[in-house]
2 protein chains.
Amino acid sequence: MKEQKPAPSTTERYIGIGELARESGCKPETVRYYEQIGLLPSAPRNEGNQRRYTTAAIRRLTFIRHARDFGFSVEAVRELLEMADHPAMPCQEVDTLAKHHLAEVEARLARLTAVRDELKRMINQCAGGSVGQCHIIDVLSDHRLCHQVEPHGGADVIG
Amino acid sequence: MKEQKPAPSTTERYIGIGELARESGCKPETVRYYEQIGLLPSAPRNEGNQRRYTTAAIRRLTFIRHARDFGFSVEAVRELLEMADHPAMPCQEVDTLAKHHLAEVEARLARLTAVRDELKRMINQCAGGSVGQCHIIDVLSDHRLCHQVEPHGGADVIG
DNA sequence: GTAATACCTATAGTTACTAGAGGTTCAAGT
DNA sequence: ACTTGAACCTCTAGTAACTATAGGTATTAC
């Protein structure tokens with residue numbers, strides 16, 4: 001991750017998992033989880049077995065958090081980290097990964113837009129009577145009344 | 001669900017779980033799962049303990065599948081079914097549920113659009129050199145380089 | 001010294017299914 | 001009637017990416 005070689009100072013500051021979490025915008029549980037699945041290296045421990053971190057960890061975790069915010073899967077983040085750890089590599093792979101992800105995001109966007117439009121249509125046509133005449137229920141009951149929304153498969157990330 | 005009273009014919013046709021699944025666009029496992037969580041009533045069994053369905057089940061399952069395609073959660077679908085089962089009710093609740101869902105969809109859409117734009121920006125600025133100068137890695141490393149994407153919380157449905 | 005807070009591990013729960021093991025039943029062909 | 005293959009059955013575990021809980025230890029502030 002473009003590590004600056006840690007200045008071998010005698011006053012290196014160590015922080016606990018709570019502060020690390022606050023600094024990088026996630027929860028301590030998540031930090032431990034990332035360590036467990038190997039996104040973060042096992043942190044060194046103090047006397048009392050508590051994890052101590054340096055600013056390098058803040059940077060790495062921020063990177064992870066940020067990539068996740070973009071909707072990259074954990075496995076994709078793992079690859080991105082691997083690449084970021086090797087600055088001399090050509091960035092073609094990074095580019096490919098990003099483009100692939102962009103394509104997925106655009107597909108989701110298209111689907112979600114269709115859903116939104118159809119939801120709006122449904123809601124606009126609701127006459128406010130009884131469920132028996134409800135257009136929303138009608139549309140859900142009968143696919144022929146629906147214009148755009150296609151069946152799909154699994155769930156996916158990003159809110 | 002706006003049931004037509006089933007004509008008490010002596011020639012009522014029963015189908016198996018496989019055909020039901022095909023007719024309504026999901027898999028047998030999913031049908032059993034929906035029965036298990038109570039979205040579908042327990043189906044009557046034949047001599048050999050296999051589930052037998054009528055066309056009513058096809059309609060109900062299609063409704064479920066369709067609502068899921070719209071991104072309604074299973075719990076929301078449960079409520080929608082409950083309402084659809086009572087045609088005399090005012091459809092205000094249905095309307096509220098749909099509007100609430102629309103709002104969520106629009107929020108997701110906004111987020112996803114921001115992600116797409118930022119991904120595009122990232123990709124366009126990639127000079128194709130080494131990872132060391134890669135803008136994509138830079139943006140992921142440093143939130144200040146990123147314009148729009150906000151941290152978020154959990155995962156969500158719809159591809 | 002003590003009390004509040006932060007930390008530890010390990011396990012289970014979340015959503016909406018999907019996949020697999022290991023066995024039974026059905027429908028068709030011979 | 002017999003056999004084969006597809007469809008069906010139940011039960012359990014696995015998926016993604018965490019989150020929550022229980023039950024205990026360490027650190028810090030007063």
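Proteins come first, then strands; the chains are lettered A, B, ... in the order of their sequence lines, and each starts at number 1.
Between I64(B) atom CD1 and dA16(C) atom P the separation is 13 Å, expressed in whole Å. Straight-line distance from the CZ atom of R51(B) to the C1' atom of dA7(D): 13 Å, rounded to whole Å. In this entry the distance linking CZ of R68(A) with C1' of dA17(D) reads 6 Å, nearest Å. Rounded to whole Å, the distance from CZ on R78(A) to C1' on dA16(D) is 12 Å. Between the CD1 atom of I15(B) and the P atom of dC26(C) there is a distance of 17 Å, rounded to whole Å. At whole-Å resolution of the value, CG in L39(B) and P in dT15(C) are 13 Å apart. Whole-Å rounding puts the I17(A) CD1 to dT25(D) C1' distance at 15 Å. Rounded to an integer number of Å, the gap from CD of E47(B) to C1' of dT24(C) is 14 Å.
At least one donor-acceptor pair under 3.5 Å links the side chain of R60(A) to the backbone N or O of L39(A). Between the side chain of H101(A) and the main chain of F70(A), a donor-acceptor pair closer than 3.5 Å is present. Panel note: side chain H66(B), backbone V139(A); a donor-acceptor pair is recorded below 3.5 Å.
Between R121(B) and E118(B) there is a salt bridge, since a side-chain N of the basic residue sits under 4.0 Å from a carboxylate O of the acidic one. Ion pairing between a basic and an acidic side chain is recognised when a charged N comes within 4.0 Å of a carboxylate O; K120(B) and E106(A) show such pairing. Using a 4.0 Å cut-off between a side-chain N of Lys or Arg and a carboxylate O of Asp or Glu, R78(B) and E75(B) qualify as a salt bridge. One finds a salt bridge joining D95(B) and K99(B) here, because a Lys/Arg side-chain nitrogen approaches an Asp/Glu carboxylate oxygen to under 4.0 Å.
The residue among N49(B) and P28(A) whose nearest nucleotide of DNA chain C is located toward the 5' end is P28(A). Mapping R52(B) and E75(B) onto DNA chain C by nearest heavy atom places E75(B) closer to the 5' end of the strand.
Closest to the side chain of V74(B), out of dA16(C), dT9(C), dC26(C), is dA16(C). The side chain of Q50(B) lies closest to dT25(C) when the candidates are dT27(D), dT25(C), dA16(C).
For L119(A) against A98(B), the heavy-atom pair with the smallest separation is CD2-O, 4.4 Å. Pairing each heavy atom of C126(B) with each of I136(B), the nearest pair is CB-CD1, 4.5 Å.
R45(B) comes within 4.0 angstrom of the backbone, heavy atoms only, and of no base.
Of the residues in residues 29-38 of chain B, those lying under 4.0 Å from DNA chain C by heavy-atom distance are T30(B), Y33(B), Y34(B).
Contact annotation: R22(B) side-chain N/O to dA7(D) OP1/OP2 distance is not under 4.0 Å. When the side-chain nitrogen and oxygen atoms of N46(B) are compared with OP1 and OP2 of dC8(D), none of them lie within a distance under 4.0 Å.
The rotation axes computed at either terminus of the helix from dG1(C)-dC30(D) to dT30(C)-dA1(D) lie 10° apart, taking five pairs at each end and rounding to 10 degrees.
Atom CD of Q92(A) sits in a sparse spot, with 12 or fewer heavy atoms from other residues, nucleotides or ligands closer than 6.0 Å.
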